[in-house]
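The structure under discussion appears below in the form of C-alpha cells.
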Amino acid sequence: MIRPRRSLLFMPGSNARALEKARTLAADGLILDLEDAVAPEAKSLARDQIAGAVIARGFGKREVLIRINSLDSPWWLDDINMAAKARPDGILVPKVSTVDDLKVIAERLTEAGADPSIRVWAMIETARAILDADKLAAQAHDPSMRLAGFVFGPNDIARETRIRMVPGRVTMLPIMAHCVLAAHAHGLDMLDGPYGDISNMDGLRDECAQSLDLGFDGKTLIHPSHLAICNAAFTPPAEDVANARKIVAAFDLPENASRGAIQLDGRMVERLHAEIARRTIAISDAIGALEQG
C-alpha cells in the first residue's frame, strides 16, 4: 500500500505544546525528535513526553516516527527501548553509516520486543553512508532489518565532506541523485532534507520542485509554515491524475491486454506509462483518503 509522505515535520520532544499542536497540523507525518532539537539536559523529559504522546495516539492518520539519538551517543538505548513500548509507526536513526549500524538497531528492537510493524528509517548524512547507499538499501530485502526508507541529511553531509551549501544545491545534486537511485532500486522511499530559510517561501517552493524532479517521495520540514507549499508540490495535479486514469483504462481494454504500446489521443503510450499512471492514481487516492480522515 502506498502511503503519502509529502511532508514529515520535525517536532521537538521536549516541547509539550508542540507535541500537542502536532495533532492538528496538515502534515502527512510527524518526526518526534529526541536528537538535534533537544538539549542534553532535556533528553529524559523529551523521551517521557514523546512516549506519553505516542501511547495516547490521537495523531489521526499521520505517520508517526521517533528520531532517536545516534548510536555513538549515551541516549540511544533508552530511546529505542521507549520506542519499542510506545509503538510508533517507525524510528528514524541519525548518522547511519554501515550495514552493521542497521543490524544493531534491528537486533535491539527484537530484544526489546518491538512489534514487527515498527519500521526503521535511516538518515543518510555521512560520507560513508553515501558511498555505501546501495549496500544499506539492499537490507530492505531482509524483513528482520525493518528498513522502510532513507532521509537525506544535507547539513551533516556538508559538515563532514566540506561540500559547500549553495543556492539551488548544485553541489549536492550528484549525491542526492545517487541516494535516490539506491533507495528506489531496492523499493525504499526517499525523503529530502529540510529547507532552512524559514521565511523564504519562494526558495522553499523551488527546492520542493527540485526534490520532486530528482525522484524524492517527499520532504522533511522544520517549520509548520512550510507544510502547505510542500504538500502542494508533491500532490499530483488533477490533470495528471485524469490522464493517468485514461491511460490505465485504455490498457485495461480487452483488445489491449497483450499489447506493449498503444495510441492514445494521437501519441504513443507504452505499458511502462501505465505502471507510472497506476502509481500516480494510487498516490492521489491515498492523499485523498488522508485528507478526508
Side-chain angles (χ1 to χ4, degrees), residues 1-13 15 18-38 46 49-51 53-68 79 82-83 86-94 96 114-115 117-125 140 146-153 180 183-184 187-195 204 207-208 211-212 215-236 279 282-293:
M1 183 185 77
I2 289 179
R3 187 166 197 166
R5 294 188 172 107
R6 300 168 297 173
S7 56
L8 271 79
L9 179 66
F10 281 101
M11 303 296 283
N15 187 331
L19 294 177
E20 185 61 32
K21 183 179 180 181
R23 302 175 189 276
T24 65
L25 296 173
D28 287 352
L30 302 165
I31 302 173
L32 310 184
D33 195 15
L34 288 165
E35 196 211 13
D36 284 349
V38 180
Q49 290 188 162
I50 287 177
V54 175
I55 289 170
R57 305 301 181 228
F59 291 104
K61 295 182 180 180
R62 298 169 187 83
E63 187 168 18
V64 177
L65 307 182
I66 297 174
R67 179 163 71 168
I68 67 171
D79 294 345
M82 176 274 288
R87 291 185 62 178
D89 294 301
I91 62 170
L92 176 59
V93 186
V96 170
D115 190 272
S117 65
I118 299 176
R119 306 300 301 279
V120 171
W121 287 77
M123 293 203 71
I124 304 300
E125 48 188 351
R146 303 169 179 256
L147 191 61
F150 288 164
V151 174
F152 189 68
V180 168
H184 292 334
L188 296 175
D189 271 7
M190 181 83 202
L191 303 180
D192 196 5
Y195 183 70
L204 170 65
E207 189 162 294
C208 286
S211 299
L212 181 66
F216 284 98
D217 296 288
K219 195 166 178 61
T220 56
L221 306 172
I222 56 174
H223 199 274
S225 65
H226 289 183
L227 285 168
I229 288 174
C230 190
N231 285 342
F234 286 94
T235 298
R279 179 174 176 80
I283 291 172
S284 178
D285 290 347
I287 290 170
L290 180 67
E291 293 179 341
Q292 289 173 8

**Request:** Answer whether the closest heavy-atom distance between the side chains of Asp79 and Ile66 falls below 4.5 Å.
**Result:** no

**Message:** If the test is side-chain contact (heavy atoms from CB on, under 4.5 Å), which one of Asp36, Ile31, Leu65 qualifies with Phe10?
**Reply:** Ile31

**Message:** I need the Leu221 CG to Asn231 CG distance, nearest 0.5 Å.
**Reply:** 8.0 Å

**Message:** Counting only heavy atoms from other residues, nucleotides and ligands, does the tally under 6.0 Å from CZ of Arg87 exceed 12?
**Reply:** no

**Interatomic spacing from CD in Glu207 to NE2 in His226 - rounded to 0.5 Å** = 9.5 Å

**Asked** Should Tyr195 and Cys208 count as side-chain neighbours, where that means a heavy-atom distance under 4.5 Å?
**Response** no

**Message:** If the test is side-chain contact (heavy atoms from CB on, under 4.5 Å), which one of Leu92, Ile91, Leu19, Leu9 qualifies with Leu32?
**Reply:** Leu19

**Fill in**
Heavy atoms of Val38 and Gly13 approach each other most closely as CG2-N, 4.0 Å

**Asked** With a 4.0 Å cut-off, would you call Asp28 and Arg6 a salt bridge?
**Response** yes

**Request:** Name all residues meeting the salt bridge (Lys or Arg N to Asp or Glu O under 4.0 Å) criterion together with Glu125; count only those two or more places apart in sequence or in a different chain, and write none if there are none.
**Result:** none

**Prompt:** Do you know the tightest heavy-atom contact between Phe216 and Phe152?
**Reply:** CE2-CB, 4.2 Å

**Prompt:** Which distance, rounded to the nearest 0.5 Å, do you find between the CG of Leu25 and the CZ of Arg62?
**Reply:** 7.0 Å

**Prompt:** Roughly how far apart are Leu191 CG and Ile124 CD1, rounded to 0.5 Å?
**Reply:** 11.5 Å

**Prompt:** With a 4.5 Å heavy-atom cut-off, do Ile68 and Val93 have their side chains touching?
**Reply:** yes

**Prompt:** Does Gly149 offer a backbone N or O that forms a donor-acceptor pair with the side chain of Arg119 under 3.5 Å?
**Reply:** no

**Message:** Are the side chains of Arg67 and Val151 in contact, using a 4.5 Å heavy-atom criterion?
**Reply:** no

**Asked** How long is the span from the CD1 atom in Ile50 to the CG atom in Asp33, to the nearest 0.5 Å?
**Response** 7.0 Å

**Message:** Please check: side-chain N/O of Asp217 versus main-chain N/O of Met190, any donor-acceptor pairing under 3.5 Å?
**Reply:** yes

**Item:** Gap between atom CZ of Arg57 and atom CZ of Arg23 - 0.5 Å precision
**Value:** 10.0 Å

**Message:** Looking at His184 and Gly215, would you say the former's side chain and the latter's main chain have a donor-acceptor pair under 3.5 Å?
**Reply:** yes

**Request:** Give a yes or no on whether the backbone of Leu8 and the side-chain of Lys219 come within a donor-acceptor separation of less than 3.5 Å.
**Result:** no

**Message:** Arg5 and salt bridge (Lys or Arg N to Asp or Glu O under 4.0 Å): which single residue from Asp192, Asp89, Asp189 fits?
**Reply:** Asp189

**Item:** Residues forming a side-chain contact (heavy atoms from CB on, under 4.5 Å) with Ala22, sequence neighbours excluded
**Value:** Met11, Leu30, Phe59

